[in-house]
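Here the structure is laid out as structure tokens; the discussion comes afterwards.
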Amino acid sequence: MDTQAKKEVNMDFQRSLFDGDLVCLAPIDPENDAEVEAGWTHNAEYLRMLGIEPARPLSAYQIKQKYENIEKKMEEHKNMFYFNIRKREDDRLVGFTKIFWVAWTHGSAFVQLGIGAPEDRGLGYGNEALQLLLRYAFEELNLFRLTALVPGCNQPAIGLFEKSGFKEEVRRRQALNRNCQRFDIIDFGLLVDEWRSREDQQLNPVV
Amino acid sequence: MNTNLFQGEHIRLVSEDPEVMAKAFSKWDRDSEYMRLLDSDPPILWSEKKIKQWIEKDMDGDQNSEFIFPVRTLDDDNLIGFVGLFEVSWNNGDAWIGIGLGERNYWGNGYGTDAMRVILRYAFQELNLYRVTLGVFEYNKRAMRSYKKAGFSIEGRIRGEVLRQGRRWDTFIMGILREEWLELERKRAPSRSDVYDNNTA
């Protein structure tokens, strides 16, 4: 019955999980990164666009402590995957990205990404890092879905997630208070099938 | 200021010693239906001793970001569950609400809705929050009806977040703003003075 020989499929190791054209996903380098990341937090806009907690400038010492906590958590709980983003050209630190709160039973998790210095934004670093992270989430961790929580006032982040195929799923009305103004918090979601069909289209575009 | 903030029509919010709650949780946790309605984590049957240690640690910890109360019935003083606010975000005036009635004989009789009303009043008139948020699984229709009755509206659904019994279920996110709650209370009790303008500033 089985006349057709089974076609042999090989793992594609050519495409690196961690390296893009412009940037790469890299481990934390506590000694050298802490000073740079601390610098980002001294511009209030960075932390205010990233999350919902009160922004405050942080010292290199505090960032080092944060790094220690992250590595401890990654080791103990195995539900977070944290990367620093570096420019490939000169290995310079430009941001971070992570997959976190992984619920393994359900294949559901959250993502976050930040490009630290204003002059490094809008150059495609975040977009490329996010594409690498998505492939890691869906092809290596085999997750089913990802959620990104975005402040309604962060237009670049909204644009980035929409461009990558995320759909708006929840709008928590007026959940964020910044500058005495109320903004929504948006939950963006991306399912593995949605990501896969976009990938297929990019690899084999239908003309 | 003459209403007892902790008391509703059917229930009251109380405080219990760790051993009382450990005993109750340990009993409720063995009801897998209750546990699967409550949380997406796989239920684990912990020892009473372990649960008691967590409760004690909780009581010693940060008292400013969590407000969780055991719930007792008014008519027979039965301990039937808990309700609470957690992850309070003070700078935004937002918090998550969680509720669980471990005593299933009290399901579907308005005890949960009453407990929800009492915790909302606590959230808006004692903690002075601006809004509160909750998550509920698509398969928990009873809870969703109760939350709507208490004034929550659906703000969206997280598609297929939970995988159970071979299929994917959405998590609904629901929210209520202080203004919406005040409007509702004015309709429910037009004679009440504490929900009028002097309190909304």
Side-chain angles (χ1 to χ4, degrees), chain A residues 44 47-56 77 79 101-111 138 142-153 161 165-196, chain B residues 32 35-36 39-44 62 64-65 85 87-97 123-124 128-139 151-181 201:
Chain A
L47 288 180
R48 297 183 104 198
M49 284 301 172
L50 204 54
I52 64 165
E53 273 158 35
R56 56 193 299 176
H77 303 305
N79 67 352
W101 293 345
V102 178
W104 289 110
T105 27
H106 307 293
S108 302
F110 288 74
V111 290
F138 292 126
N142 301 326
L143 297 179
F144 171 77
R145 63 157 290 132
L146 294 171
T147 307
L149 304 178
V150 182
C153 49
F161 286 111
F166 281 76
K167 294 201 171 81
E168 179 182 315
E169 293 182 324
V170 183
R171 214 166 238 282
R172 306 190 207 168
R173 296 164 302 152
Q174 304 177 42
L176 189 66
N177 188 358
R178 293 282 193 212
N179 298 349
C180 304
Q181 272 184 66
R182 288 273 162 190
F183 299 95
D184 297 342
I185 294 176
I186 307 168
D187 295 41
F188 281 103
L190 177 65
L191 311 186
V192 60
D193 288 349
E194 295 168 347
W195 175 81
R196 169 67 53 209
Chain B
S32 62
M35 288 300 271
R36 287 160 122 188
D39 199 1
S40 60
D41 287 344
I44 294 174
D62 174 19
N64 221 12
S65 65
L85 297 153
E87 286 180 40
V88 176
S89 167
W90 290 109
N91 56 317
N92 298 305
D94 192 9
W96 288 85
I97 275 193
F124 292 124
N128 301 325
L129 297 181
Y130 183 82
R131 56 163 283 143
V132 292
T133 311
L134 64 80
V136 55
F137 306 131
E138 186 183 354
Y139 54 73
F152 283 86
S153 38
I154 294 169
E155 296 186 313
R157 48 207 291 178
I158 303 173
R159 295 170 299 159
E161 195 184 33
V162 174
L163 174 61
R164 264 181 176 148
Q165 295 185 348
R167 64 155 282 191
R168 294 252 162 212
W169 310 84
D170 297 347
T171 303
F172 284 75
I173 300 296
M174 302 179 84
I176 181 169
L177 311 184
R178 178 171 56 200
E179 269 311 311
E180 295 169 344
W181 176 82

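Note on naming: letters A, B, ... go to the chains in the order of the sequence lines (proteins, then strands), and numbering restarts at 1 for each one. The figures that follow rest on heavy atoms only: side chains count, while hydrogens, waters and symmetry mates do not.
Of all the heavy atoms in A:Ser108 and B:Gly160, the pair that sits closest is OG-O, 4.4 Å. Minimum interatomic distance between B:Asp94 and A:Ala175 (heavy atoms only, all atoms of both residues): OD2-CB, 3.8 Å.
A donor-acceptor pair under 3.5 Å is absent between the side-chain atoms of A:Arg178 and the main chain of B:Asn92, judged by distance alone. When atom types are taken as modelled, the side chain of A:Arg172 and the backbone of B:Thr133 share no donor-acceptor pair closer than 3.5 angstrom.
By the side-chain contact (heavy atoms from CB on, under 4.5 Å) test, B:Leu163 pairs with A:His106, B:Arg168, sequence neighbours left out. Listed by chain and number, the residues in a salt bridge (Lys or Arg N to Asp or Glu O under 4.0 Å) with B:Arg36 amount to none (sequence neighbours excluded).
The parts of B:Asn91 that come within reach of chain A are both its backbone and its side chain, each placing non-hydrogen atoms under 4.5 angstrom from that chain. B:Arg157 touches chain A through its backbone: at least one of N, CA, C or O sits under 4.5 Å from a heavy atom, while the side chain does not. At a 4.5 Å heavy-atom cutoff, A:Ala103 makes no contact with chain B through either its backbone or its side chain. For a residue to count as touching a neighbouring chain, one of its non-hydrogen atoms must lie under 4.5 Å from one of that chain's; by this rule A:Thr105 touches chain B with backbone and side chain alike. Proximity to chain A (any heavy atom under 4.5 Å) is shown, for B:Leu129, by neither the backbone nor the side chain. When heavy atoms are compared at a cutoff of 4.5 Å, B:Ser89 approaches chain A solely by way of its side chain, counted from C-beta outward. Residue A:Leu146 does not touch chain B at all, counting heavy-atom pairs closer than 4.5 Å.
Put simply, CD1 on A:Ile185 and CZ on B:Arg131 are 7.5 Å apart, with the number rounded to the nearest 0.5 Å. Here the straight-line distance linking atom CD of B:Glu161 with atom CD of A:Glu169 works out to 8.5 Å at 0.5 Å rounding. To the nearest 0.5 angstrom, B:Ile173 atom CD1 is 12.5 Å from A:Arg173 atom CZ.
B:Arg167 CZ: more than 12 foreign heavy atoms inside a 6.0 Å radius.
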Go through the steps for B:Glu155 and A:Asp184 under the test side-chain contact (heavy atoms from CB on, under 4.5 Å), then give the verdict.
-> CA-CA 11 Å; B:Glu155 296 186 313; A:Asp184 297 342; over 6 Å; no
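No side-chain heavy atom of A:Gln174 sits under 4.5 Å from any side-chain heavy atom of B:Glu179.
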